[in-house]
Amino acid sequence: MTDIRELLLSRIRDVADYPEPGVMFKDITPLLADPAAFTALTDALAEIAERNGATKVVGLEARGFILGAPVAVRAGVGFIPVRKAGKLPGATLRQAYDLEYGSAEIEVHAEDLTDADRVLVVDDVLATGGTAEASLELIRRAGAEVAGVAVLMELAFLNGRTRLEPALAGAPLEALLTV
């Protein structure tokens, strides 16, 4: 696992003062552009899905789509996008959550999840945990079981894990990298 961590870290670019002064942005586009690194990431996340008995993968808009879809294909399970409110046609379940300044909403097509599903949430970064927490609520409201959350990178200094643990209700949270 050390080799994959080194590979992934070597393909994540730090961008100082983006999107605002004082923020060190972790840019994953070089990782996505490298077929060996992207394949290693996909394989590692698919292994988490398989190990936790996932029957579906939920990807959180937008980078969770990029990571989650190939993970679902590799694991042989379905992929469900969780979108920003107003982006999905038809009947949806919607969940509000708090941001640092204000609030936001995400939604999912309820008919895409059933009580027979175990769902792994996949995203690029766990920061404050708000979006992931809201997605877990949506999954349960749709009648499915949470298989866990898997992310490429956890920004430990933002304490998202602490916020997310009650919502996980014992399901695992796995980060391939912690920074």
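For the numbers below, each heavy atom of this structure counts, side chains included, while hydrogens, waters and symmetry mates do not.
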Has Asp27 got a side-chain atom pairing as donor or acceptor with Thr29's backbone, closer than 3.5 angstrom?
yes

Using a 4.5 Å cut-off on heavy atoms from C-beta on, say whether the side chain of Leu136 contacts that of Leu164.
yes

So CD1 of Ile106 and NZ of Lys84: to nearest 0.5 Å the spacing works out to 11.5 Å

Sequence-distant partners of Thr162, side chain to side chain donor-acceptor pair (under 3.5 Å), two or more places apart:
none

Let me confirm one number: the CG-CD1 distance from Leu32 to Ile28, rounded to the nearest 0.5 Å.
4.5 Å

Between the main-chain N or O of Arg94 and the side-chain N or O of Arg141, is there a donor-acceptor pair closer than 3.5 Å?
yes

Is a side-chain N or O of His109 found less than 3.5 angstrom from the main chain of Pro89, in a donor-acceptor match?
yes

Please name the pair of heavy atoms, one in Phe65 and one in Pro70, separated by the smallest distance, quoted to 0.1 Å.
O-CD, 4.2 Å

Give a yes or no on whether Ile139 and Leu88 share a hydrophobic cluster (residues Ile, Leu, Val, Met, Phe, Trp, Tyr; joining criterion: side-chain heavy atoms under 4.5 Å apart).
no

Ignoring hydrogens and angles, tell me if any N or O in the side chain of Asp34 forms a donor-acceptor pair with the backbone of Leu31 under 3.5 Å.
no

Any Val77 side-chain heavy atom under 4.5 Å of Lys56 side chain:
no

Side chains of Leu176 and Ile48 in contact at under 4.5 Å (non-hydrogen atoms)
yes

By ring pair (Phe, Tyr, Trp, His ring centres under 6.0 Å), Tyr18 pairs with (sequence neighbours left out) Phe25

Distance from Leu126 atom CG to Leu155 atom CG, nearest 0.5 Å?
7.5 Å

Could you pull out all residues at least two apart from Thr92 that satisfy side chain to side chain donor-acceptor pair (under 3.5 Å)?
Glu107

